[in-house]
Student: 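This is the structure, below, for whatever I ask next.
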Amino acid sequence: MAAGVMATMLGLAACGSTGTTQPPAKPTTAEQKVSPAAVSKPAKVTQIPGDTAQNVSPADPVQVTVADGAITDVHLVNDEGRPVAGLTSPDKHSWTATESLGYNRTYTWSGTAVGSDGKQVPLGGTFHTLTPARQIDAQINVADNATVGVAEPIVLTFSSPVQDKASVERALTVQTSNPSTGSWAWLDDQTLHYRTKDYWPANTKVTLLAKLYGTSFGNGAYGAEDLTTSFTVGRSMILRGNTQTHRLQIVQDGNVIADYPASYGLDSDPGRVTNSGTHVVMSKSPTFAMSNPKYHYENVVVPWAMRISNNGEFVHGYAGSIWAQGNTNVSHGCVNLAPATAEIVYNEVMVGDPVEITGSTQQLGAKDGDYYDWAVPWDQWLAKSALHG
C-alpha cells in the first residue's frame with residue numbers, strides 16, 4: 001500500500017470514531033472542588049451573659065453555645081468561688097445553668113470548646129448581676145397538696161406595692177389537668193387573684209409556678225424568691241341560699257342533696273343584711289367567738305362556723321334563732337342554722353366551696369374584703385389584669 005494512503009488511513013484511525021479513545025486527564029489538585037462540609041473551622045463560642053455585662057437579672061438566660069465545634073468543659077463561679085450548676089446538651093453544642101444566679105454578684109466564665117479544625121477555643125470573662133433597691137416577698141393562699149372547692153381563687157399577697165404589674169403577671173404560669181379559662185386580676189397594688197371564668201372543673205389538678213426571683217417589680221424592686229404550689233379541686237359542691245324563702249340548700253354535681261331552714265340578716269337594716277352574690281368558704285372552725293360592738297354583743301360563741309366573707313358573714317349554728325329559721329330573718333348578717341344542721345353542713349363543706357346567696361337588698365363587693373372575686377363580671381375581671389385589661 002502506498003505510504004500516502006497508509007498515512008491517510010492511520011490518520012483516520014487516529015481521528016475517527018472507530019478508534020480507541022483515551023480517558024480524560026484527571027484535573028490537577030488546584031482544579032478539584034472541595035465540599036464545604038469538609039472545611040475545618042474554628043469553634044464559634046457565644047456566652048450569655050457576655051464579658052463585662054452589668055446589671056444582669058438572675059431571671060435572664062445563662063448559657064454557652066458553640067457553632068462549628070463542641071463544648072469540652074464549662075465552668076461558671078461566683079465571687080466566692082462557688083460553682084453554678086449547669087447541664088451540657090447531648091450534642092455538646094450548648095451548656096445551660098440549672099440554678100439561679102445571686103443578686104449583686106460577680107461571675108467568671110472558664111472552660112474550652114474545640115472547633116471542627118481540632119483547635120481549642122478558651123471561654124472567659126466576667127459579668128455582674130443587678131442590685132435590687134429592695135426585694136419583695138409574696139405569699140400564696142392555697143397550701144401545697146391541699147384539696148379545695150370549685151370557687152377557690154389563687155391569691156398572691158405581696159409585701160410591698162407592685163409598680164410593674166405586667167412584669168409580675170408574665171412571671172406566673174397556671175397549669176391545669178382539665179381545660180379552663182382563667183385570668184389574673186389586681187384587686188389592689190399588693191393583691192393579685194386568679195380565678196376561672198366559671199368555677200374550676202371538678203377534680204382538676206392545678207399547679208402555680210411563680211418565677212418571681214429576678215423579676216422586676218418596678219422602681220428598682222425585684223422578687224425575693226420563686227414560689228410554687230400544687231393543689232386539687234375536689235367535687236362540685238355549692239351552698240345555695242335564698243333570703244326570701246329562708247332556705248339553704250346543698251347542691252352536689254348539680255343535684256340538690258339537702259334543703260334546710262335558715263335565718264339570714266335582718267332585712268330592715270342594711271348593716272345586717274346578708275349580701276347577695278357568690279361568696280367563698282374562706283375558713284372553718286368548730287367554734288367561733290362573734291363580736292360586733294356596733295350592735296352591742298361580744299364573744300358570743302357559736303358552733304360549726306364557716307367564714308364566707310371578711311365583713312363578718314358566716315354560716316354557723318345558733319340555737320337562739322331556731323324559732324326564726326325557715327320563716328324570718330333576724331341575724332346580724334350570718335346564715336343561722338340549727339346547731340345539728342350546721343354540723344352536717346360543716347362536715348360536707350370544704351374551703352373554696354361557693355356560697356350563692358340571692359334575695360337581699362345588698363350586693364357582695366369590694367367593701368366586703370378579700371374574696372369578692374365572683375361578684376365581678378368576667379369582662380370587668382379581665383380589665384383588672386395588667387396584660388388583658
Side-chain angles (χ1 to χ4, degrees), residues 57-59 98-100 103 135-162 164-217 221-237 278-285 306-310 349-355 369-374 376 381-382 384-388:
S57 169
T98 54
E99 64 175 308
S100 298
Y103 288 126
Q135 296 183 43
I136 295 179
D137 293 302
Q139 293 183 333
I140 304 175
N141 65 318
V142 186
D144 209 32
N145 298 317
T147 300
V148 299
V150 295
E152 180 76 345
I154 302 174
V155 180
L156 287 172
T157 305
F158 299 99
S159 58
S160 297
V162 176
D164 194 344
K165 295 178 174 62
S167 173
V168 171
E169 279 191 57
R170 281 192 289 268
L172 307 175
T173 303
V174 177
Q175 301 171 340
T176 61
S177 61
N178 293 316
S180 57
T181 299
S183 176
W184 292 99
W186 292 90
L187 301 191
D188 58 46
D189 286 342
Q190 289 182 234
T191 310
L192 181 60
H193 284 219
Y194 182 95
R195 56 156 271 216
T196 44
K197 183 177 180 180
D198 303 305
Y199 295 146
W200 292 106
N203 306 311
T204 296
K205 304 292 185 182
V206 182
T207 297
L208 168 66
L209 302 174
K211 303 293 287 183
L212 299 174
Y213 182 75
T215 293
S216 172
F217 279 54
Y222 285 81
E225 61 179 345
D226 293 338
L227 296 173
T228 184
T229 188
S230 294
F231 60 92
T232 301
V233 178
R235 77 287 176 269
S236 173
M237 179 171 285
T278 299
H279 304 62
V280 178
V281 176
M282 301 172 66
S283 62
K284 297 169 57 179
S285 179
M306 295 152 272
R307 181 185 289 276
I308 61 172
S309 78
N310 275 343
V349 162
M350 67 174 60
V351 169
D353 281 342
V355 182
D370 293 341
Y371 285 19
Y372 65 95
D373 303 47
W374 298 99
V376 182
W381 185 263
L382 290 176
K384 292 178 178 292
S385 164
L387 298 180
H388 300 152

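Keep in mind the model is a prediction, meaning the values are calculated, not measured. Count residues from 1 along the sequence.
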Student: Tell me the closest heavy-atom pair linking A202 and N178, and the distance in Å.
Tutor: O-ND2, 3.6 Å

Student: Check whether any side-chain N or O of T215 sits under 3.5 Å from a backbone N or O of K211 as a donor-acceptor pair, and report yes or no.
Tutor: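 Yes: the side chain of T215 pairs with the backbone of K211.
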
Student: Determine whether D353 and R235 satisfy the following criterion, salt bridge (charged side-chain N to carboxylate O under 4.0 Å, His left out), listing intermediate values before the conclusion.
Tutor: CA-CA 9 Å; D353 281 342; R235 77 287 176 269; 2.9 Å; yes

Student: Would you give the length of the straight line joining atom CD1 of I308 to atom NE2 of H279, rounded to the nearest 0.5 angstrom?
Tutor: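 Separation between the atoms: 4.5 Å.
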
Student: On a heavy-atom basis, which atom in I154 and which in V206 lie closest, and how many Å separate them?
Tutor: CD1-CG1, 4.2 Å

Student: How long is the straight-line distance from NE2 of H193 back to CG of L156, given to the nearest 0.5 Å?
Tutor: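 The NE2 atom of H193 is 9.0 Å from CG of L156, to the nearest 0.5 Å.
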
Student: Identify the heavy atoms of V351 and S283 that sit nearest to each other, and give their distance.
Tutor: CG2-CA, 4.0 Å

Student: Answer yes or no: are there more than 12 heavy-atom neighbours, outside K284 itself, under 6.0 Å from its atom NZ?
Tutor: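 Atom NZ in K284 is crowded, with more than 12 foreign heavy atoms closer than 6.0 Å.
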
Student: Check for a donor-acceptor pair, side chain of Q175 on one end and backbone N or O of T207 on the other, with a separation under 3.5 Å.
Tutor: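 No; zero donor-acceptor contacts below 3.5 Å.
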
Student: Between Y372 and L187, what is the shortest heavy-atom contact and its length?
Tutor: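 Residues Y372 and L187, closest heavy atoms: OH-CD2, 3.8 Å.
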
Student: Is it true that F217 and F158 have ring centroids separated by less than 6.0 Å?
Tutor: yes

Student: Would you check if the side chain of W200 reaches a backbone N or O of A151 as a donor-acceptor pair within less than 3.5 Å?
Tutor: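 Not a single qualifying donor-acceptor pair exists.
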
Student: Atom CG in D198, atom CH2 in W374: separation rounded to 0.5 Å?
Tutor: 7.0 Å

Student: May I ask you to establish whether K165 and W186 are in a cation-pi arrangement, using a distance under 6.0 Å from NZ or CZ to the six-membered ring centre and at most 45° from the ring axis?
Tutor: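 Yes; both conditions hold, so K165 lies above the ring face of W186.
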
Student: Look at R195 together with D373 and state whether they make a salt bridge at an N to O cut-off of under 4.0 Å.
Tutor: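 No.
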
Student: Please report the closest heavy-atom contact between A166 and A386, naming both atoms and the distance.
Tutor: N-CB, 3.5 Å

Student: Is the backbone of A59 close enough, under 3.5 Å, to the side chain of S57 for a donor and an acceptor to pair up by distance?
Tutor: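 Side chain of S57 to backbone of A59: a pair is present.
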
Student: Between T181 and K197 (side chain of the first, backbone of the second, donor and acceptor by atom type, cut-off under 3.5 Å), is there such a pair?
Tutor: no

Student: Ignoring hydrogens and geometry, is there a side-chain-to-backbone donor-acceptor pair from N141 to V155 under 3.5 Å?
Tutor: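 Checked: pair present.
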
Student: Looking at CG of N145 and CZ of F231, how far apart are the two atoms once the value is rounded to the nearest 0.5 Å?
Tutor: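 The distance works out to 11.5 Å.
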
Student: Which atom pair, heavy atoms only, marks the closest approach of S385 to W184?
Tutor: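 Of all heavy-atom pairs spanning S385 and W184, the closest is CB-O, 3.1 Å.
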
Student: Please confirm whether the backbone N or O of V142 pairs with a side-chain atom of T229, one donor and one acceptor, at under 3.5 Å?
Tutor: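 A pair under 3.5 Å: yes.
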
